[in-house]
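First the proteins, then the strands, lettered A, B, ... as listed; each starts at 1.
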Protein chains: 2
Amino acid sequence: MPTFDDQCPTQEHFVTRVPQKSVGFTLSQIGLENARQFALVAGQFGLEPRHFAVLHALADRDGLSQQSVGDNLSIPASTMVSIVDHLESAGLVERHLEPHDRRTRVLHLTGAGRARLTDALRGAHEHEARICFNFTAIERAELLSLLERVATNLGIAPNSLPDHGSGTHPEH
Amino acid sequence: MPTFDDQCPTQEHFVTRVPQKSVGFTLSQIGLENARQFALVAGQFGLEPRHFAVLHALADRDGLSQQSVGDNLSIPASTMVSIVDHLESAGLVERHLEPHDRRTRVLHLTGAGRARLTDALRGAHEHEARICFNFTAIERAELLSLLERVATNLGIAPNSLPDHGSGTHPEH
DNA sequence: TATTGTTATACTCTATAACTATA
DNA sequence: TATAGTTATAGAGTATAACAATA
């Protein structure tokens, strides 16, 4: 933990002058703005970020139960209902009864759902290119590497981080 | 905009396999988790992130009007009322009438407010050290530099970014 | 007429707990 | 009795618009 102190004056300096930028604040600002803009991108495809996330999870592994998807994405069961309702009424997902246990509803992507996700992923891809504008491949990899170390410091297991898309921020 | 494509397979690959991590999603995840944890830190000092942000703004420049602080932090006027109400009833801030224009309420930090902010800044400082654990000074500077380029790409003027603290995320 | 602060209100989001149907 | 899904409800947070005082 050698770093930060080197650049930080005294406490009083903090209060009166307010010194250099912090990683924490910058991350919060950027994370929020990024989530906002990604919501706009997803919206162009008729999806909210959470809809996108659910479709994405199903593309990764089709036939999951509603609950296991929710657990995976940290979405409570009651919220999952309205999300899947929306996706189902839009014809993107189907609820199938599981013959072995008729309590559970197994979720399947429809063809339309897969097509919609493909489009939305194209949008996400463009969004990613936009926020990494002017980055070389090496710089982007460097940023990802640093961010994953921050994630570790925050106690977010790297493995629990989904792999693509732009977040499931609530708030807007 | 050369980078991302190099590492990205076809669209179909996206849908079926879901490839590598994205800067966008990682930033959203980290930004949200960081805001959560900073809210806990601020809470240890009896402050919500927005309370902290207002105190911080006043420490930077005392005697601002309620509205100009709100504009500065993108907090709507009606929300500023309840924030300042809270800070005032806690004895951290005072509303003074401006003799030249008796519509405006000028905000002043009290001694207690300044002391509270000093404590909270110490907490923020520790929080910053925590999320930058194991970073060298050079790595931290590198991360900040990359993040500011992302901020620019997101259309957030670097100048509009406050300098310390950990964000004013709503959402929880 | 425009502006600062205030109040009241409506809206969104989320979480909690109760309910059903299965097991 | 426990679990998957559903429903209903209440709470927090935010934004919108009307209002008062002042300019």
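- Protein atom CD1 of Ile83(B) is 14 Å distant from nucleotide atom C1' of dG5(C), rounded to whole Å.
- Protein atom CD1 of Ile75(A) is 17 Å distant from nucleotide atom P of dA4(D), rounded to whole Å.
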Atom pairs, N/O to N/O, protein against nucleotides 21-23 of chain D, distance under 3.5 Å?
residue	atom	partner	partner atom	Å
dA23(D)	OP1	Arg102(B)	N	2.9

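- A donor-acceptor pair is defined here as one N or O able to donate and one able to accept, closer than 3.5 Å; such a pair exists between the side chain of Thr110(A) and the backbone of Leu92(A).
- Contact check on Asp119(B) versus Arg122(B) returns a salt bridge, with a Lys/Arg side-chain nitrogen under 4.0 Å from an Asp/Glu carboxylate oxygen.
- The separation between Leu32(B) atom CG and dT14(C) atom P is 11 Å, rounded to whole Å.
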Would you tabulate the nitrogen or oxygen pairs shorter than 3.5 Å linking the protein to nucleotides 6-12 of chain D?
residue	atom	partner	partner atom	Å
dT6(D)	OP1	Arg95(A)	NH1	2.8
dT6(D)	OP2	Gln66(A)	OE1	3.3
dT6(D)	OP2	Gln66(A)	NE2	2.5
dT6(D)	OP2	Arg95(A)	NH1	2.9

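- The backbone N or O of Leu97(A) sits nowhere less than 3.5 Å from a side-chain atom of Arg102(A) that would complete a donor-acceptor pair.
- Taking the six-membered ring where the residue is Trp, Phe52(B) and Phe38(B) present perpendicular rings, their angle passing 60° and hence far from 30°.
- Separating the CD atom of Gln67(A) from the C1' atom of dA2(D) is a distance of 12 Å, rounded to the nearest angstrom.
- Looking only at side-chain heavy atoms (C-beta outward), Asn134(B) and Thr152(A) stay at 4.5 Å or farther from each other.
- Using modelled atom types, no side-chain atom of Asn34(A) and backbone atom of Leu154(B) make a donor-acceptor pair closer than 3.5 Å.
- Taking atom CD on Glu88(A) and atom P on dG5(D), their separation rounds to 13 Å, with Å as the unit.
- Distance alone, capped at 3.5 Å, is enough to place a donor-acceptor pair between the His51(A) side chain and the Glu48(A) backbone.
- For His86(B) and dG13(D), the NE2 to C1' distance is 15 Å, given to the nearest whole Å.
- In this structure, Arg130(B) and Val41(B) have side chains that are in contact, with non-hydrogen atoms separated by less than 4.5 Å.
- Thr118(A) places a side-chain N or O within 3.5 Å of a backbone atom of Arg114(A) that can act as its donor or acceptor partner.
- As a whole-Å value, the separation of His51(B) NE2 from dG13(D) C1' is 12 Å.
- One end of the helix from dG5(C)-dC19(D) to dA23(C)-dT1(D) points its axis 10° away from the other end's axis, with each axis taken from 5 pairs and the angle rounded to 10°.
- Checking each of His96(A), Arg95(A), Glu98(A) against Arg105(A) for a side chain to side chain contact (heavy atoms under 4.5 Å, CB included) leaves exactly one that passes, namely Arg95(A).
- Between the side chain of Gln66(B) and the backbone N or O of Leu107(B), no donor-acceptor pair lies under 3.5 Å.
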